[in-house]
Amino acid sequence: MSCPVPADRGRPVTRPRRTLPQPARPPVPRGVPEATVARLPLYLRALTSLAERDVTTVSSEELAETAGVNSAKLRKDLSYLGSYGTRGVGYEVEFLRHQISREIGLTQDWAVVIVGIGNLGHALANYGGFASRGFRIAALIDADPQRTGEEVAGLKVRHGDELEKVVTELNIAIGVIATPARAAQSVCDRLVAAGITSILNFAPAVVQVPEGVDLRKVDLSTELQILAYHEQRKNGSALALTAEQAVELAKAVRG
């Protein structure tokens with residue numbers, strides 16, 4: 001007597017496929033708008049001032065007033081950092097200081113080179129506020145051979161020919177241009193070629209940088225001219241020609 005053969009005998013057995021654990025994906029970087037980035041240092045300065053007065057918590061309205069912005073904008077900016085405060089309490093000053101410092105990179109040590117050690121370069125090198133904010137002046141460079149070896153703010157000035165060597169040896173992260181206008185572009189080009197991708201330009205000149213290089217400009221003379229314009233408007237002293245002056249000017253123009 002023969003036994004019935006199961007219908008699936010002789011067929012390959014299909015086992016459920018094992019799912020291997022997947023590595024955790026890194027978090028997607030949050031995009032912070034440039035306008036918000038520009039305001040973060042204002043909030044940090046305001047928080048530092050509050051901390052120095054032993055203030056431990058602050059409302060969004062108080063912090064906004066200290067920073068010079070409106071409270072709705074401040075709350076929106078801080079939300080990009082994941083900081084929403086506590087209803088009825090506000091923000092913890094020290095914790096928020098740490099959050100902002102971490103976001104803008106001030107918990108790291110940034111080595112800075114200043115190129116151009118004239119009056120402005122001297123002033124920048126001697127400014128004590130950089131170190132407390134994570135910026136270490138690591139090198140001073142000047143093209144004038146007579147300045148080579150001069151000591152400024154505890155550092156010896158090195159000749160311009162050493163720029164690329166200095167950038168590599170000292171792991172420079174940020175370049176500051178404080179040269180005359182005519183030298184600004186060539187100095188900028190050399191900084192970029194040496195691998196610098198963050199440049200602060202104090203020279204009264206427009207310089208061009210390639211894509212991927214961040215350039216910020218501080219033009220003191222332009223800012224003073226803008227203030228002069230507003231001061232003139234406030235004082236009601238805008239220039240106006242009298243009829244006689246207009247006639248004289250027209251004669252001069254006609255020759």
Side-chain angles (χ1 to χ4, degrees), residues 37-49 52 67-68 100-101 104-167 169-192 194 196-209 213-231:
V37 173
R39 287 189 290 269
L40 291 180
L42 302 180
Y43 304 149
L44 184 59
R45 182 171 60 190
L47 289 164
T48 300
S49 175
E52 289 172 349
I100 295 176
S101 296
I104 60 181
L106 300 189
T107 56
Q108 302 182 49
D109 176 60
W110 301 105
V112 178
V113 60
I114 300 175
V115 184
I117 312 302
N119 291 334
L120 179 56
H122 268 82
L124 292 172
N126 281 290
Y127 176 57
F130 291 137
S132 63
R133 291 167 175 81
F135 301 99
R136 175 173 51 85
I137 306 301
L140 308 175
I141 300 286
D142 199 278
D144 185 354
Q146 294 185 351
R147 290 198 182 277
T148 303
E150 177 184 342
E151 188 167 308
V152 177
L155 293 171
K156 289 190 180 298
V157 177
R158 299 174 68 166
H159 191 266
D161 292 343
E162 296 187 77
L163 177 57
E164 291 78 5
K165 179 182 177 182
V166 165
V167 169
E169 284 184 351
L170 301 179
N171 196 27
I172 300 296
I174 299 172
V176 176
I177 301 175
T179 66
R182 63 182 181 277
Q185 185 63 62
S186 62
V187 168
C188 182
D189 292 343
R190 290 180 63 191
L191 287 169
V192 171
I196 298 295
T197 58
S198 295
I199 296 173
L200 179 61
N201 178 31
F202 281 92
V206 176
V207 299
Q208 304 296 325
V209 296
V213 175
D214 293 306
L215 173 70
R216 302 289 296 181
K217 179 173 176 56
V218 180
D219 191 330
L220 300 178
S221 62
T222 297
E223 297 301 325
L224 286 170
Q225 290 173 49
I226 293 171
L227 288 174
Y229 166 79
H230 289 295
E231 190 65 23

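- Between the R147 side chain and the V157 main chain, no donor and acceptor come within less than 3.5 Å of each other.
- With hydrogens and angles disregarded, a donor-acceptor distance shorter than 3.5 Å links the side chain of H159 to the backbone of A143.
- In this structure, K156 contributes its side chain and L140 its backbone to no donor-acceptor pair below 3.5 Å.
- Rounding to the nearest 0.5 Å gives a distance of 6.5 Å between CD1 of I174 and CH2 of W110.
- Here the side chain of Q185 pairs a donor or acceptor atom with the backbone of Q208 at under 3.5 angstrom.
- D219 contributes atom CG, which lies 7.5 Å from atom CD of Q225 (distance to the nearest 0.5 angstrom).
- Taking CD from E150 and CG from D144, the interatomic distance works out to 9.0 Å, rounded to the nearest 0.5 Å.
- Around atom CZ of R45, no more than 12 heavy atoms belonging to other residues, nucleotides or ligands sit under 6.0 Å away.
- Nearest heavy atom pair, residue I199 against residue I196, reads CG1-CG2, 3.9 Å.
- Rounding to the nearest 0.5 Å places OG of S101 at 10.0 Å from CG of L40.
- For the atom pair CD1 of I141 and CD1 of I177, the computed distance is 13.0 Å after rounding to the nearest 0.5 Å.
- Pairing each heavy atom of A205 with each of A184, the nearest pair is CB-CB, 4.2 Å.
- Distance CD1/I137 to CG/L155: 8.5 Å, rounded to 0.5 Å.
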